[in-house]
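Scroll down for the structure; my scribbles are underneath it.
So that the names make sense, note that chain A is the first sequence line, chain B the second, and so on, each numbered from 1. As the structure is a computational prediction, the values presented were derived from the model and not from experiment.
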Amino acid sequence: MGQIQLNQVTKSFGNVNVIPPLDLTIEDGEFCVFVGPSGCGKSTLLRLIAGLEDVTSGTISIDDNDATEIPPAKRGLAMVFQSYALYPHMSVKKNIAFPLRMAKMDQAEQERRIEAAAKALNLTDYLDRRPGQLSGGQRQRVAIGRAIVREPSAFLFDEPLSNLDAALRVGMRLEISELHERLKTTMIYVTHDQVEAMTMADKIVVLRAGVIEQVGSPLELYHRPQNTFVAGFIGSPKMNLIEGKEAAKHKAHTIGIRPEHITVSAKRVKGAWPGVVGVSEHLGSDTIFHVHDTGLADVITVRSDGEVSYRHGDRIYLVPRMDVLHKFDANGQRIA
Amino acid sequence: MATQHSRSAARLMMAPAVILLLGWMLVPLIMTLYFSFKKYLPLRGGDLGWVGFDNYARFVSSSSFWPSVQATLLIVGGVLLITLVLGVLLALLLDQPMWGQGVVRILFIAPFFIMPTVSALVWKNMFMDPVNGLFAHLWKAFGAQPVEWLSEASLPSIILIISWRWLPFATLILLTAIQSLDSEQLEAAEMDGASPLARFGHIILPHLSRAITVVLLIQTIFLLSVFAEIFVTTQGSFGTRTLTYLIYQRVLESQNVGLGSAGGVFAIILANIVAIFLMRIVGKNLDA
Ligand SMILES: Nc1ncnc2c1ncn2[C@@H]1O[C@H](COP(=O)(O)OP(=O)(O)OP(=O)(O)O)[C@@H](O)[C@H]1O
Ligand SMILES: [Mg+2]
């Protein structure tokens with residue numbers, strides 16, 4: 001079990017209000033990702049749920065029990081920190097065993113759980129090493145192992161992959177997703193990397209300055225962003241946001257079109273936007289063109305097939321797919 | 001310093017310092033050894049020739065030798081115990097955020113800047129004096145007979161005086177060590193269900209082990225040769241005669257340089273035994 005509910009939760013540090021009243025429900029077994037720019041209060045929110053910070057007002061309930069006043073250890077949640085926070089003077093095995101020892105679990109059960117966790121995380125060969133003798137990815141796995149053995153009702157991850165190199169990050173991302181499939185335990189995962197959010201989440205919570213901008217599944221956020229902030233934040237490369245005359249044609253203040261929803265043509269087509277190719281990024285499978293001089297915005301990003309090739313300075317025409325155009329009003333809110 | 005060339009250059013450049021330090025150590029050491037084999041009484045005939053190991057035999061067989069070793073070890077051990085235990089507790093306390101932290105920390109280190117002679121005199125005259133001392137007044141206020149600290153409880157009194165001076169040193173080093181502890185580790189332990197006591201035992205204390213080792217070694221070096229505090233209080237009477245003090249008495253009070261030098265050699269041996277002992281126990285904490 002692990003349903004977590006936040007009711008009108010606020011948090012201030014001194015007179016700085018980091019989180020204005022916020023409501024959120026995370027269902028049992030869900031993989032929920034908090035995403036947002038740096039300093040928007042993701043870690044603070046996670047620490048409030050963990051109990052490492054006290055809420056200024058509001059309540060937090062876990063499985064319908066008010067947990068606002070319950071100390072962190074008693075909430076049945078396990079946390080994986082960005083710095084891993086392994087105990088440097090203990091072996092990997094002792095690190096993983098620590099929560100069990102603190103719970104005074106019997107020795108045989110401890111051994112069984114440690115062995116199971118070590119096997120699941122490929123740590124069996126490293127059990128006698130100290131954290132200092134492990135690579136970043138292995139340390140990350142030890143931190144996860146220490147969380148798993150407690151069999152918590154929910155896992156909290158605070159940017160667990162941000163210290164890893166790109167290749168390892170992709171690997172660990174899959175491992176964590178795999179783990180979630182296997183354990184079916186609630187996971188709350190903080191990141192500022194929207195790719196991580198999109199690939200792992202059942203539910204994404206987009207935060208800006210402590211305020212929830214939108215909650216939804218990755219595809220909901222991708223297809224129906226509620227405002228320009230979410231539109232710009234979710235999806236890579238970023239959505240093109242166009243204001244002015246072109247937007248007015250669609251009776252909107254701003255229109256948004258994703259780079260992958262624009263096709264490039266060398267010939268003039270009806271309704272196409274003319275432009276000049278700037279930098280192009282060849283990814284092999286795709287090519288991303290940065291197009292200038294369209295008169296719409298500084299730069300329009302276009303993603304097209306890897307085969308397509310235009311040179312810097314080529315004149316081209318951009319054909320947007322009108323059926324996937326996003327429209328926003330003057331406040332940046334979506335128009336139906 | 002990887003290449004052959006840079007290594008030999010480095011050796012050349014370090015040579016002056018090494019030679020100077022070696023000379024600095026070797027000259028007094030050789031002179032001590034030299035005198036320890038002589039009967040040398042400056043005011044009673046001067047150099048009276050070689051006597052072999054006579055001085056050593058006399059120094060060890062004197063009735064005050066073993067008690068002095070014992071007093072030395074008791075003082076070193078007692079002060080270490082008090083400063084480390086209280087030092088850790090005070091460092092934990094000073095690490096808590098509080099009002100006027102900066103001032104409190106400076107006040108705290110102040111005793112260490114007071115010269116040992118002065119601090120010992122202050123303790124002797126202002127606190128421990130059986131007639132006018134603050135302790136005497138306190139005892140009288142409760143209707144008790146004032147204690148003659150420096151004669152009735154001489155060793156504990158001296159340990160107290162020395163500890164008062166060394167406590168800030170230990171606290172300061174331990175405080176900086178505590179401040180370098182990653183707070184996420186403590187939070188992780190808290191989430192793992194560790195009580196405050198368990199967090200102290202399993203996280204903070206192991207983290208402090210290196211700092212504790214440093215304090216232990218540095219203090220031992222200085223405490224083995226403690227002198228001023230004894231000189232201005234008990235003058236070595238009432239069982240407070242340490243090895244250092246005994247040597248001082250042999251050389252200056254009895255004017256027997258040879259005997260004192262032999263004592264000096266014993267002091268070196270004692271210091272080395274203690275050092276080896278300590279390194280065996282705690283030295284591994286210093287390995288990175
Ligand atoms: N202990 C504190 N005292 C005062 N302000 C704080 C404290 N902790 C966080 N803040 C402020 O709260 C805001 C949110 O911080 P938080 O660490 O939650 O951001 P974040 O979303 O996790 O950012 P990042 O992606 O950089 O980790 C920041 O503006 C920060 O300055
Ligand atoms: Mg953060």
Study note, to complete from the structure: Scored by heavy-atom pairs under 4.5 Å with chain B, the best of A50(A), A103(A), A73(A), P99(A) is P99(A)
Review point. Under 6.0 Å from the NZ atom of K11(A), do we count more than 12 heavy atoms belonging to anything else shown?
Key: yes
Review point. Looking only at heavy atoms, which two atoms of L52(A) and E190(B) are closest? And how far apart?
Key: CD2-OE1, 4.0 Å
Point to revise | More than 12 heavy atoms of other groups within 6.0 Å of E178(A) CD | key: no
Check your understanding: Is the count of non-hydrogen atoms from other residues, nucleotides or ligands lying under 6.0 Å from R280(B) atom CZ greater than 12?
Key -> no
Review point. If you take all heavy atoms of I203(B) and M90(A), which pair is closest and at what distance?
Key: CD1-CE, 4.5 Å
Revision key, fill the gap. Separation between CE (M191(B)) and CE (M102(A)), nearest 0.5 Å, reads 15.0 Å
**Study point:** Audit row: F81(A), D182(B), side-chain contact (heavy atoms from CB on, under 4.5 Å) steps and yes/no
**Key:** CA-CA 12 Å; F81(A) 293 84; D182(B) 175 16; over 6 Å; no
Practice item. Using a cut-off of 6.0 Å, state whether more than 12 heavy atoms not belonging to D128(A) lie near its atom CG. Key: no
Practice item. Show the numbers, then the answer: is there a side-chain contact (heavy atoms from CB on, under 4.5 Å) between M79(A) and E187(B)? Key: CA-CA 9 Å; M79(A) 183 148 167; E187(B) 288 176 345; over 6 Å; no
Point to revise | Residue E115(A) excluded, over 12 heavy atoms near CD under 6.0 Å | key: no
Practice item. Would you indicate whether Q8(A), at its atom CD, is surrounded by more than 12 heavy atoms from other residues, nucleotides or ligands within a distance under 6.0 Å? Key: yes
Review point. Does M25(B) CE have over 12 foreign heavy atoms under 6.0 Å away?
Key: no
**Study point:** A198(B) versus chain A, the contacting section by heavy-atom distance below 4.5 Å
**Key:** side chain
Check your understanding: Considering residues, nucleotides and ligands other than L22(B), do more than 12 of their heavy atoms fall under 6.0 Å from its CG?
Key -> yes
Point to revise | Ring centres under 6.0 angstrom apart (H202(B), Y87(A)) | key: no
**Study point:** salt bridge (Lys or Arg N to Asp or Glu O under 4.0 Å) partner of D192(B), chosen from K94(A), R146(A), R101(A)
**Key:** R146(A)
Check your understanding: Which of the residues P71(A), P88(A), A78(A) is involved in the greatest number of heavy-atom pairs with chain B at under 4.5 angstrom?
Key -> P88(A)
Exercise for review: Counting only heavy atoms closer than 4.5 Å, note whether R75(A) contacts chain B via side chain, backbone, both or neither.
Suggested key: neither
**Study point:** Which portion of L100(A) sits near chain B, non-hydrogen atoms under 4.5 angstrom
**Key:** neither
